[in-house]
Amino acid sequence: MRSTLKFLLALGVAMLLMMAFRSLVFTIYTVGGEGLQPEFLPGDRVMVNRWSYGLRTGSREGLFSYGRVGRQPVERGDIVAFEDPRDSTGTRVLFARCRALPGDTLRHNGRVELVPSLNDCADADYYWVQTLNPHNPIDSRQLGFISEERIIGRVFLVAYSLMPDSSLLHAFRRDRFFLLK
């Protein structure tokens with residue numbers, strides 16, 4: 001009886017540590033679209049470093065105000081994971097490459113636009129993120145500027161990959177295990 005209790009306690013502590021690690025340090029997401037092919041394929045399980053730009057705390061709508069612990073700027077060229085601004089639940093995650101930083105100017109739809117920043121009295125720093133898919137992009141071309149508050153972290157690794165709509169025995173892409181990005 002005593003050894004069973006010790007085992008259950010150790011299992012519970014291990015699960016709590018795993019959940020804390022996953023929510024505070026690294027998270028795995030599944031790439032669903034073709035926006036960043038050939039670098040990322042549908043079915044890739046990518047690891048996102050939640051500390052790469054500082055750990056997000058609070059939110060505008062929540063009890064605590066938004067902030068970042070250990071804030072670091074997003075770099076041009078980084079592949080970022082961000083919450084879809086159209087999803088009020090914050091559960092849909094998208095991936096795109098950062099093309100313009102706060103304060104940059106860019107040409108979009110024949111107009112020159114300034115990427116909003118806190119230095120220009122905007123309510124937050126914003127980024128222009130873009131996929132490689134010009135035909136059906138779900139990125140800043142469709143969503144507009146992405147607020148720093150929505151950015152989860154930087155994608156740094158393809159942990160493994162499963163081909164969509166394949167049986168589990170044949171689904172693993174052996175050439176896509178632990179690819180650093």
Side-chain angles (χ1 to χ4, degrees), residues 23-62 64-159 161 179-181:
S23 63
L24 295 174
V25 184
F26 300 112
T27 303
I28 293 181
Y29 293 106
T30 302
V31 174
E34 300 174 350
L36 288 171
Q37 278 187 330
E39 195 158 354
F40 295 106
L41 303 175
D44 281 355
R45 277 27 180 214
V46 295
M47 290 193 75
V48 175
N49 181 349
R50 290 179 152 307
W51 280 89
S52 53
Y53 308 120
L55 183 65
R56 295 185 313 164
T57 60
S59 68
R60 288 186 191 174
E61 297 86 29
F64 301 104
S65 62
Y66 166 76
R68 290 216 182 236
V69 176
R71 186 176 186 274
Q72 295 292 316
V74 175
E75 306 260 335
R76 187 177 285 105
D78 284 357
I79 297 174
V80 297
F82 62 98
E83 297 168 348
D84 186 340
R86 303 167 300 180
D87 178 20
S88 61
T89 65
T91 58
R92 184 160 186 225
V93 175
L94 303 172
F95 307 94
R97 188 176 299 279
C98 180
R99 295 289 184 201
L101 305 174
D104 286 355
T105 56
L106 58 96
R107 182 174 299 278
H108 176 64
N109 289 338
R111 297 188 329 231
V112 174
E113 297 186 47
L114 175 70
V115 180
S117 73
L118 285 170
N119 294 339
D120 299 323
C121 298
D123 60 347
D125 280 338
Y126 288 83
Y127 298 88
W128 183 268
V129 297
Q130 206 166 323
T131 63
L132 302 175
N133 184 348
H135 304 295
N136 188 19
I138 301 179
D139 59 16
S140 289
R141 292 172 282 189
Q142 185 181 59
L143 304 172
F145 299 112
I146 302 300
S147 169
E148 175 187 61
E149 183 178 329
R150 296 217 174 261
I151 294 178
I152 298 167
R154 186 177 64 79
V155 176
F156 73 96
L157 175 79
V158 175
S161 184
L179 296 175
L180 290 172
K181 295 296 172 181

Exercise. What pairs meet the salt bridge (Lys or Arg N to Asp or Glu O under 4.0 Å) rule with one or both residues in residues 98-110, with sequence neighbours excluded?
Worked result: Arg76-Asp104
Problem set entry | Residue pairs passing the salt bridge (Lys or Arg N to Asp or Glu O under 4.0 Å) test where at least one lies in residues 64-73, sequence neighbours excluded | Arg71-Asp125, Arg71-Glu148
Give me the atom names and distance for the closest heavy-atom approach of [X] to [Y].
{"X": "Ile79", "Y": "Leu36", "answer": "CG2-CD1, 3.9 Å"}
{"X": "Leu101", "Y": "Val74", "answer": "CD2-O, 3.3 Å"}
{"X": "Ile146", "Y": "Pro85", "answer": "CD1-CG, 3.9 Å"}
{"X": "Leu114", "Y": "Gly103", "answer": "CD1-O, 3.3 Å"}
{"X": "Val93", "Y": "Ala81", "answer": "CG1-CB, 4.0 Å"}

Problem set entry | By side chain to side chain contact (heavy atoms under 4.5 Å, CB included) - contacts of Ser88 (at least two apart) | none
How long is the span from the [atom1] atom in [X] to the [atom2] atom in [Y], to the nearest 0.5 Å?
{"X": "Phe145", "Y": "Arg150", "atom1": "CZ", "atom2": "CZ", "result": "15.5 Å"}
{"X": "Ile138", "Y": "Asp84", "atom1": "CD1", "atom2": "CG", "result": "7.0 Å"}
{"X": "Arg86", "Y": "Arg92", "atom1": "CZ", "atom2": "CZ", "result": "5.0 Å"}
{"X": "Ile151", "Y": "Phe82", "atom1": "CD1", "atom2": "CZ", "result": "8.0 Å"}

Side-chain donor/acceptor of [X] to backbone N/O of [Y], under 3.5 Å:
{"X": "Arg56", "Y": "Ile152", "result": "no"}
{"X": "Arg141", "Y": "Asn109", "result": "no"}
{"X": "Ser140", "Y": "Val129", "result": "yes"}

For this session: Scan residues 92-112 for pairs that pass ring-ring contact (aromatic ring centres under 6.0 Å, His included), counting only residues two or more places apart or in two chains.
Result: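 Qualifying pairs: His108-Trp128.
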Just jot down the side chain to side chain donor-acceptor pair (under 3.5 Å) partners of [X], sequence neighbours excluded, or say none.
{"X": "Glu113", "value": "Arg111"}
{"X": "Thr91", "value": "Asp87, Thr89"}
{"X": "Asp78", "value": "Tyr53"}

Please list every donor-acceptor pair under 3.5 Å in which a side-chain atom of residues 39-49 meets a protein atom from a residue at least two apart or in another chain.
unit_1	atom_1	unit_2	atom_2	d
Glu39	OE1	Arg97	NH2	2.6
Asp44	OD1	Ser161	OG	2.6
Asp44	OD1	Arg176	NE	3.0
Asp44	OD2	Leu41	N	2.9
Asp44	OD2	Arg176	NE	3.3
Asp44	OD2	Arg176	NH2	2.6
Arg45	NE	Thr30	OG1	3.2
Arg45	NH1	Gly43	O	2.6
Asn49	OD1	Trp51	N	2.8
Asn49	OD1	Ser52	N	3.4

